[in-house]
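Following: one structure in structure tokens, then a few remarks.
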Amino acid sequence: MNKQTFPENFLWGGAIAANQVEGGWNIDGKGLSVADMATYKPAVDVKDYAAHMEVTTEAVEKAAADLTDTWYPKRRGIDFYHRYKEDLALFAEMGFKTLRLSIAWTRIFPTGEEAEPNEKGIAFYEAVFKEMKRLNIEPIVTLSHYEMPVFLSLKYNGWVDRKVIDDFVRFADVCYDRFGKYVNYWLTFNEIDSIHRHPFTTAGVIPDKCEEGQVERDIYQALHHQFVASALVTKSAHEKIQGSQVGCMLTKLMTYPLTCAPLDVELTQKKNLENNFYADVQVKGVYPKMILKDLENRGIHLNMTEEDLTILQAHTVDFVSFSYYMSMAESGDPDAERTPGNTVLGVKNPYLPSTEWGWQIDPKGLKISLIELYDRYNVPLMIVENGMGAVDKLEDGTIHDTYRMAYFAEHFKQMKEAIDEGVDLIGYTSWGPIDLVSAGTSQMSKRYGFIYVDADDEGNGTYDRMRKDSFYWYQKVIETNGASLYE
Ligand code: BG6
């Protein structure tokens with residue numbers, strides 16, 4: 001191996017999610033998902049996640065009855081449903097070895113409760129996987145990326161009800177049976193920890209449907225059901241697809257103490273332990289004792305059977321994947337200045353610059369995260385989301401996105417340092433290699449891509465694709481397996 005290159009067979013690529021790209025929300029038998037309820041709110045500050053994520057039964061029922069897409073950009077996506085061949089060809093042109101994508105549960109089971117899957121939904125993904133195979137792009141498939149049937153949310157309050165475990169296992173089994181010949185890498189739940197930040201998007205939980213005063217408990221109960229489901233579908237992947245590799249996926253929210261005051265350090269330690277807890281359960285197969293004690297101290301009693309605990313222990317994941325966009329600080333000072341991150345509000349770190357959305361750019365934090373996670377779990381790691389949301393301006397008919405290239409270059413160099421220090425990092429998929437609809441704010445104008453999509457926040461535009469400067473830059477990184485970063 002050349003000293004300046006990444007490991008041989010390193011999986012370079014990009015990541016997308018069905019609900020943010022596909023569109024085609026009401027065709028070929030697709031049912032409504034929780035993502036189809038997300039509205040674009042031009043009057044709300046993009047940094048005010050609480051307002052963007054607010055959910056009530058009344059609002060969800062109203063959205064479900066509204067059969068237009070004007071205020072629901074995730075219903076439109078970027079029309080990947082019809083343009084996937086063009087998009088995959090562009091990814092192949094960049095040299096992608098892999099593409100992470102998700103399967104919309106509602107294309108396969110429109111309400112989640114059907115006994116038989118929707119063949120048209122299956123045909124779509126089969127066509128996508130066949131095309132990827134032809135282009136030599138290895139799929140990494142997320143089974144649940146904020147896309148549960150809204151029907152299950154309204155009827156059962158989503159994952160709060162144990163019954164949803166069976167519905168999800170049935171869905172996963174169909175995916176394995178029908179797509180197993182194309183797909184080897186599977187992720188169970190995208191950012192499983194995000195259930196605490198946006199319970200509806202992640203798990204279909206609508207707070208006003210919870211027992212009074214028990215929202216927190218119900219969210220933990222829903223999380224527990226997702227953990228059990230994750231273990232069951234890990235088991236099933238291993239049984240049904242020979243050689244399959246299953247990973248958990250968490251939001252790496254690296255937190256630093258604002259100062260070395262012991263209180264700042266203590267609060268930071270708590271945050272980081274909490275952030276790692278989700279992977280702990282999926283990799284080690286047990287709940288950390290301190291988390292159980294914390295739940296007890298808070299009077300949160302969960303319904304966990306002996307059988308659940310046996311399942312968790314028996315079917316742990318093969319690798320850990322995570323998203324990494326930003327880091328934040330923590331402080332004991334209640335007046336410390338705060339700034340938004342990925343659906344969080346953290347303390348501002350005076351040493352870091354921020355994106356236009358306030359997310360603090362911290363390449364070194366990625367290396368620190370890699371080292372921490374590898375030391376903690378000792379299993380292969382994959383970075384399955386990373387990138388910078390920015391407003392791109394068309395100049396001379398293209399986008400000169402030097403800021404994006406700089407962001408990636410610094411993060412890639414930190415990945416290389418971690419690898420050189422012994423971390424087993426097997427792949428990297430940038431978030432949104434093609435512009436797509438934002439998960440947090442439903443904006444199109446928050447762009448992550450190497451490929452520009454001509455569409456605005458309200459869905460105006462041709463949806464034509466265009467290569468940005470960063471397209472050629474990333475192509476070179478992949479072609480030289482990282483060596484071009486050091487030229
Ligand atoms: C991750 C999600 O948390 O962050 C993606 O898995 C999301 O779905 C990404 O798009 C970036 O967040 P946003 O709000 O900028 O789209």
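Residue numbers start at 1 and run along the sequence shown. For clarity, every value in this text was computed on a predicted model and none was experimentally measured. Atoms within each ligand, like the ligands themselves, are counted from 1 in listed order. In what follows, every heavy atom counts, from backbone to side chain, and hydrogens, waters and symmetry copies are set aside.
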Contact check: Ser323 vs ligand 1, nitrogen or oxygen atoms, below 3.5 angstrom: no

Step-by-step side-chain contact (heavy atoms from CB on, under 4.5 Å) determination, Phe319 to Leu187: CA-CA 9 Å; Phe319 66 95; Leu187 304 179; 3.6 Å; yes

Parallel, tilted or perpendicular, as decided by the 30° and 60° cut-offs, for the rings of Trp359 and Tyr49: tilted

Tyr448, portion touching ligand 1 at heavy-atom distance under 4.0 Å: side chain

Those atoms of ligand 1 less than 4.0 Å from some heavy atom in Lys446: 13 (P), 14 (O), 15 (O)

Protein heavy-atom partner closest to atom 10 (O) of ligand 1 - residue, atom, separation in Å: Gln20 NE2, 2.9 Å

Any Tyr49 heavy atom less than 4.0 Å from ligand 1: no

Under 3.5 Å: donor-acceptor pair, side chain of Thr462, backbone of Asp464: yes

SB check Asp87 Arg83 (cutoff 4.0 Å): no

Atom 3 (O) of ligand 1 - nearest protein heavy atom and its distance: Glu191 OE1, 2.5 Å

Verdict with supporting geometry, Val281 and Leu312, side-chain contact (heavy atoms from CB on, under 4.5 Å): CA-CA 7 Å; Val281 176; Leu312 292 181; 4.1 Å; yes

Aromatic ring pairing Trp431/Tyr448, orientation class (parallel under 30°, perpendicular over 60°, tilted between): perpendicular

Proximity of Thr251 to ligand 1 by residue part, where a heavy atom lies under 4.0 Å: neither

Option among Lys348, Lys270, Lys271 that satisfies the salt bridge (charged side-chain N to carboxylate O under 4.0 Å, His left out) test with Glu330: Lys271

Ligand-residue contact atoms, ligand 1 with Ser438, heavy atoms, under 4.0 Å: 13 (P), 14 (O), 15 (O), 16 (O)

For atom 9 (C) of ligand 1, the protein heavy atom that lies nearest, with its residue and separation: Tyr325 OH, 3.2 Å

Working for side-chain contact (heavy atoms from CB on, under 4.5 Å), residues Leu373 and Phe322: CA-CA 10 Å; Leu373 290 172; Phe322 64 99; 3.6 Å; yes

Heavy-atom nearest option to atom 12 (O) of ligand 1, drawn from Tyr324, Trp357, Trp359, Trp431: Trp359

Distance-only N or O hit between ligand 1 and Ala439, under 3.5 Å: yes

Asn190, any N or O under 3.5 Å of ligand 1 N or O: yes

N or O contact, Thr441 vs ligand 1, cut-off under 3.5 Å: no

Under-4.0 Å salt bridge between Lys468 and Asp392: yes

Proximal candidate to atom 14 (O) of ligand 1 [heavy atom criterion; set Gly440, Ala17, Ser442, Ala35]: Gly440

Which residue and heavy atom of the protein sit nearest atom 5 (C) of ligand 1, plus the separation: Glu385 OE1, 3.5 Å

Salt-bridge present (Asp469, Arg404; N to O < 4.0 Å): no

